[in-house]
Amino acid sequence: MAPSWPPVCWPPVWPAPPRPTRPGPTTRWPRTPPTAIETAKFWLAANGKTNRLAEATPYTWETKATPKLSVGGGYTPDGKPGSVVPIGEEKKSATVVKNINLPKTIGKVFFVDSDNNLKWCSATSIQAKYRNLVATAGHCVYDDAKNSSVMDHWIFVPGYYQGKAPWGVYVGKTAYTHYDYSAFEDRDRDYAFVTVYNGVQVGGGSVKEISKSEFDKAGPGKFVKETPITAEQYAAGYEKYGEAGPYKAKAVDPKVEHVAKPAGVTNQNFHQYVAGKDGVKVVGVEVLESQFNAAAQGLDNGNRYNGLSQEVAISKEEFDALTAAKADGKFLGKLTAVKVGENVVGWKKQQFFVKAWVKTTAQTKYWVETYYLAADFIKDTGRLGDNVGGQGFAWNQKTGQKVFVFGYPADAHPDGHKAYTGVTAKWCYGTTTGKTYTHAATKVEEHVGLKCAMTPGADGSPWLIKYSNAKRLGYVNGVTSLFGDQDKNNRYDLSTSAYFDGETAAIYNKAAAVWSGSIVK
């Protein structure tokens, strides 16, 4: 298992910084109340009659069944077992139960993926200081395959059923993941904890058009409709209305074009073009070492960029991760183990770049704004944990325990058989394996396994130990990460989860202490 690293909050600043030797500053996901309100409106339409929840499809990083996972050794906890009790169980009492009931805490997280598609995963409310925390899979907040956050328009809907949000929707504020997952695609750390604002319900009132001055004075429930126009329409309208008029324009989506090297570039003023002199900038394009060596020296396009191609020292962990990435064709540089005699005393990497001259041209869009107010448009429904409760949390637990898995499977099996719809929550029950599951292609070295026929859509489903059917509460000790086909009959028969250890607890503790509050003023 990889060593301990600080949690990462989304979205981080890319490209990712070198792996730290000590905890560094946290970059918070800038989801402020005004943008959070827009996120709620995005999923629950302004007129209250339709919403996008039912349009979403299940999200998964796999497009087919994971090949059969190999079985390895047993698990090695990194400390003493620990747990945090569920909400409402702070003073525990014994209960006799007979029936299996779905927990109120489970639901779906909805988001827009890196290809602009509406997607969902499964998740659960979990105990936290401010009763505002959701547990799900890491790939339900960050797509490691595309190096892209999927936190845009991210919400949690507990008790989801056929497009309904019975306890409101909870907009995500800050997502916490393990550094190894985000920076090194380590799917042994495929979990995330997300703080959410108080729940909201949208709709329930009439919508009317208002003036700009009325809009500026209005409270919650106001929104703007933008109607695109041409540059010619903008010019004509601006001439008529001036700055006080409804016609708007702004630069959007700058266009980057490759250009020839400017005539005045010299070695002496080269650094000015690195900073973007006269709107022209020189950037590095990574290439193979052989391509770099074949390139000429100089300042033209395609010439060697020696300043970016220096050898640097790295850690053993980064060396191992990049070695695996190089085998998959995801790292183009050179790796070197530094030896003194027969002993390895350090590790280095060298990447190779050639010069590319580019110029950025601002693009402009034009539109007319119309202002609206919806009466009782958005209401605060209170804290997540107060409304649906929250599961406990456990780490460094022994395997071979009984576990319930609750989620929203929807995709068909690899053979095309579709057993689930994703409309309602389903469950699996069994005993976790005492052996680890490994799979080199997905960098899995120590997953917990459970016999389960759920399909994608159940990504992020909570694994609950010590589950009480009467109280509908247990302890989250895993979340669904991968789906396997162990007997190779084109049917999913295995779900796996990261092993929750002390590093998982450290990230949970970080997230569980963060306040979020309300988006409705």
Side-chain angles (χ1 to χ4, degrees), residues 58 60-75 77 97 99-103 106 121-124 135-137 139-140 187-188 190-191 391 394-395 397-422 424-442 444-469 474-501:
T60 178
W61 56 22
E62 305 295 343
T63 58
K64 59 182 179 180
T66 300
K68 182 177 180 180
L69 283 77
S70 302
V71 179
Y75 298 87
V97 297
N99 300 317
I100 297 174
N101 299 310
L102 295 175
I106 63 169
C121 281
S122 300
T124 185
T136 188
H139 67 270
C140 297
R187 297 179 186 181
D188 279 332
D190 182 24
Y191 46 74
Q391 300 298 331
W395 65 94
Q397 301 293 310
K398 66 180 181 180
T399 53
Q401 293 197 58
K402 300 294 185 182
V403 62
F404 279 92
V405 179
F406 297 97
Y408 289 82
D411 270 0
H413 286 278
D415 65 1
H417 177 72
K418 190 172 177 63
Y420 306 104
T421 64
T424 57
K426 303 296 180 182
W427 56 272
C428 282
Y429 173 73
T431 302
T432 57
T433 56
K435 298 291 186 179
T436 60
Y437 281 90
T438 63
H439 186 244
T442 53
V444 168
E445 297 176 353
E446 195 175 79
H447 265 202
V448 183
L450 177 74
K451 286 187 176 181
C452 180
M454 283 192 185
T455 63
D459 305 59
S461 296
W463 293 31
L464 303 182
I465 61 174
K466 302 176 182 177
Y467 181 69
S468 165
N469 292 312
Y475 294 76
V476 178
N477 192 222
V479 291
T480 298
S481 174
L482 295 176
F483 303 87
D485 175 15
Q486 295 303 93
D487 58 12
K488 307 306 293 180
N489 68 345
N490 282 324
R491 293 286 184 95
Y492 295 112
D493 53 27
L494 176 75
S495 292
T496 70
S497 166
Y499 178 73
F500 279 15
D501 58 11

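FYI, the numbering just counts along the sequence from 1.
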For a 4.5 angstrom cut-off between non-hydrogen side-chain atoms, does [X] reach [Y]?
X    : Y    : value
F483 : D493 : no
M454 : T480 : no
D188 : D190 : no
I106 : F406 : yes
V476 : W463 : no
S122 : Y408 : yes
T433 : T399 : no
L464 : Q391 : yes

Sub-6.0 Å ring centroid separation between Y437 and Y499: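 Not close enough - the centres of the two rings lie 6.0 Å or further apart.
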Nearest-0.5 Å distance that lies between atom CG in L450 and atom CD in Q401: 12.5 Å
Distance in Å, H439 NE2 paired with L482 CG, rounded so as to fall on 0.5 Å steps: 8.5 Å
Which heavy atom in [X] sits nearest to a heavy atom in [Y], and how many Å separate them?
X    : Y    : answer
P58  : G457 : CB-CA, 3.5 Å
H447 : T496 : ND1-OG1, 2.8 Å
T436 : E446 : CG2-CG, 3.5 Å
A453 : C428 : N-SG, 4.0 Å
Y492 : P414 : CE1-CD, 3.5 Å
Y420 : T455 : CD1-OG1, 3.8 Å

Full working for salt bridge (Lys or Arg N to Asp or Glu O under 4.0 Å) between R491 and D485: CA-CA 6 Å; R491 293 286 184 95; D485 175 15; over 6 Å; no
Neighbour count >12 (heavy atoms, 6.0 Å) for atom NZ, K418: yes
Sidechain-backbone polar pair: S497 side chain, V479 backbone, donor-acceptor under 3.5 Å: yes
Parallel, tilted or perpendicular, as decided by the 30° and 60° cut-offs, for the rings of W427 and F404: tilted
Residues that A394 engages under side chain to side chain contact (heavy atoms under 4.5 Å, CB included), provided they are two or more places apart: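 Here the qualifying residues are S83, Q397, I465, Y475, N477.
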Donor-acceptor pair between H139 and D459 side chains, under 3.5 angstrom: yes
